[in-house]
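Worksheet: the structure to be examined is printed underneath.
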Amino acid sequence: MNERKCVIVDAYSTGRFLPEEFKRYGIGTVHVMSAAQIPAIFQSHFDADLYDEVIRPHECMAHDEIVEFHLQALRGRELEFVIAGSETGVELADSISERLGLPSNGTALSAARRDKSRMSEALAAAGVRSIRQVVSDNAVEIASWKRQENFDEIVIKPLNSTGTEDVFFCSADADVERALSAIVGKTNRVGAFNELALAQEKINGQQYTVNAVSIDGEAFITEAWTYETVPVEGASSVCSREWLLGAKEPIVLELSDYLVRALQALQIVNGPAHAEIIVDDRGPVLVDFGARLQGTMSAKARTMALGDNHMSLTAWRYANPKEFGECMRLRGAYKRQAHALCVSLISDMSGVVAGYSGLDAIRNLSSFADAIAFVPIGQKLVPTIDLVSTPGIVYLVNNDLVQLEDDYRQLRALRMNQVFDLMAQEGGE
């Protein structure tokens with residue numbers, strides 16, 4: 001019997017754990033790169049030894065050339081599926097899977113799955129609520145649009161990026177000018193050049209994250225979380241904590257119904273999806289989306305709270321699709337087995353990390369489940385202004401809600417110089 005094989009495109013972020021998940025099913029992985037160089041933000045995530053083979057395109061290739069390059073390299077192989085391992089791999093995974101006749105979301109709406117402007121257009125075209133917007137590289141044009149729409153405040157961001165990079169909340173014309181100056185003409189963290197900026201109405205409501213896994217057009221909601229943000233210097237706000245919701249709560253039913261319609265609008269019929277949704281007095285609206293696994297998550301902690309996680313369910317969907325579909329239909333809505341918090345540490349100081357002297361105290365909390373994405377030793381801790389500058393994430397899981405909240409308060413009371421051993425930066429920065 002031939003060894004089972006699959007392709008992962010850009011297995012960075014959470015996707016870097018997929019090879020081990022597929023290995024449990026006896027499936028080997030070929031790593032396909034969407035660009036000759038790994039984006040700097042993901043370089044530490046990549047371990048070539050996890051793959052049977054790594055296929056890297058040449059420098060300066062256009063997207064169509066990269067597609068043909070990989071199709072040529074993969075020709076004649078028996079592959080079961082192609083999956084995007086991170087945001088940068090979505091469009092190439094769509095192209096390769098479609099051309100090879102494997103389970104695919106197709107390429108007709110590939111751009112809309114990455115470009116936030118096209119995403120909103122696709123939703124609107126399908127009759128699904130979307131955010132009003134304008135795309136431009138001109139601050140005067142965006143400021144004029146803001147006045148015409150009578151918005152008190154708007155959000156300006158890149159068309160495609162990750163980690164809340166360069167997201168600005170703008171009330172005055174000067175705010176718009178500063179946002180455009182920061183975004184346009186910059187190569188963002190995932191290697192995309194920002195020719196234009198996206199301006200959108202600001203939705204004032206409660207924000208949620210909802211994950212799903214689809215098989216042949218049937219979507220299964222795997223979890224829903226809501227979160228709090230707090231204001232910080234240098235940014236409008238950052239995420240403070242997320243908490244897991246029960247599947248049968250009315251808001252989760254409303255979110256699930258909306259997300260299923262959004263997935264249909266974006267023609268997501270196979271694989272994982274991660275959605276950021278805000279609910280205001282008009283109902284849910286999609287504010288960000290990824291046709292891939294949720295980034296920066298603890299599979300361990302989520303399994304403690306849910307019995308499974310977004311990544312394990314995605315692997316199951318591809319490794320044994322018949323069993324996955326049958327079991328998920330029988331299971332029905334996901335089941336919260338314990339209360340859970342995902343706590344983002346927030347830094348108001350700088351320094352070079354020399355150790356984690358406070359980590360033992362965190363691990364000794366009754367509800368402690370996992371600690372991930374801590375600033376590595378030797379690298380700089382900086383004030384938190386977005387997801388990427390978050391110094392670490394701690395998961396708390398407990399059946400006792402009172403204990404969970406008490407542990408959260410103890411965790412939040414810790415200053416970052418009590419968690420991290422910090423050295424002064426060279427040059428006194």
Side-chain angles (χ1 to χ4, degrees), residues 4-9 11 14-15 18 21-22 24-27 29-30 32 67 71 74 77-87 89-114 119 122-123 125-128 210-224 247 253 255-275 286 289-294 306 308-335:
R4 302 175 69 185
K5 293 279 188 180
C6 74
V7 167
I8 307 176
V9 183
T14 306
L18 282 172
E21 288 292 325
F22 289 132
R24 301 177 199 275
Y25 295 94
I27 301 175
T29 52
V30 176
V32 159
V67 172
L71 287 172
L74 296 171
R77 306 183 192 215
E78 292 186 17
L79 300 169
E80 293 192 20
F81 54 88
V82 178
I83 184 172
S86 64
E87 186 69 21
V90 168
E91 291 175 282
L92 183 57
D94 287 345
S95 295
I96 294 175
S97 58
E98 183 179 66
R99 291 281 296 275
L100 292 179
L102 298 173
S104 180
N105 292 318
T107 56
L109 288 180
S110 274
R113 298 172 195 138
R114 294 233 28 226
M119 177 189 78
L123 294 176
V128 179
V210 188
N211 292 335
V213 178
S214 296
I215 179 168
D216 300 330
E218 186 175 8
F220 297 98
I221 305 302
T222 65
E223 62 199 293
L253 299 176
L255 290 164
S256 299
D257 177 70
Y258 175 83
L259 180 55
V260 167
R261 290 186 290 117
L263 293 173
Q264 292 169 347
L266 294 168
Q267 296 180 13
I268 303 293
V269 295
N270 286 298
H274 170 66
L286 192 64
F289 180 81
R292 37 78 180 170
L293 293 169
Q294 178 176 354
L306 290 158
D308 50 42
N309 65 78
H310 200 209
M311 182 168 56
S312 64
L313 290 173
T314 295
W316 187 19
R317 177 261 171 268
Y318 281 100
N320 195 336
K322 184 175 184 295
E323 180 185 76
F324 171 84
E326 291 173 350
C327 290
M328 292 297 281
R329 290 182 201 104
L330 284 172
R331 183 189 81 166
Y334 72 85
K335 293 176 176 60

Just jot down the side chain to side chain donor-acceptor pair (under 3.5 Å) partners of Ser110, sequence neighbours excluded, or say none. Asp94
Would you say Arg113's side chain and Leu266's backbone share a donor-acceptor pair under 3.5 angstrom? yes
Looking only at non-hydrogen atoms, find the nearest pair between Thr14 and Met311 and report the distance. O-SD, 3.8 Å
Using the side chain to side chain contact (heavy atoms under 4.5 Å, CB included) criterion, which residues pair with Val269? Sequence neighbours excluded. Asn105
Flag the pair Thr29 / Leu18 as yes when at least one side-chain heavy-atom distance between them is below 4.5 Å, and no otherwise. no
Of Ile221, Leu293, Thr314, Asn270, which meets side chain to side chain contact (heavy atoms under 4.5 Å, CB included) against Val213? Thr314
Donor-acceptor contact below 3.5 Å, side chain Tyr258 vs main chain Leu286: yes
Rounded to the nearest 0.5 angstrom, the OG-CG distance for Ser312 and Leu306 is 9.5 Å
Look up atom CD in Glu80 and atom OH in Tyr25, then write down how far apart they are to the nearest 0.5 Å. 12.5 Å
Minimum heavy-atom separation for Ile268 and Ala291, please, with both atom names. CD1-CB, 3.8 Å
Applying side chain to side chain contact (heavy atoms under 4.5 Å, CB included), run through Arg77 and Val7 and close with a yes or a no. CA-CA 11 Å; Arg77 306 183 192 215; Val7 167; over 6 Å; no
From Met328 CE over to Tyr334 OH, what is the distance, rounded to the nearest 0.5 angstrom? 12.0 Å
Please find the pair of heavy atoms, one from Ser97 and one from Val82, that lie closest to each other, and give the distance. CB-CB, 4.0 Å
To the nearest 0.5 Å, atom CD of Glu21 lies from atom CG of Leu313 at 9.5 Å
Taking all non-hydrogen atoms of both residues, which atom of Gly26 and which atom of Arg4 are closest, and how far apart? O-CB, 3.8 Å
Could you give all pairs that pass the side-chain hydrogen bond (donor to acceptor under 3.5 Å, both in side chains) test and reach residues 213-222, with sequence neighbours left out? Glu218-Arg329
If you take all heavy atoms of Ala212 and Leu259, which pair is closest and at what distance? CB-CD2, 4.2 Å
Smallest separation among heavy atoms of Ile215 and Pro321, with atom names: CD1-O, 3.3 Å
Is Tyr318 close to Phe324 at the side-chain level, that is, under 4.5 Å between some pair of heavy atoms? no
How long is the straight-line distance from CG of Leu74 back to NZ of Lys5, given to the nearest 0.5 Å? 11.5 Å
From CG (Leu109) to CZ (Arg114), nearest 0.5 Å: 15.0 Å
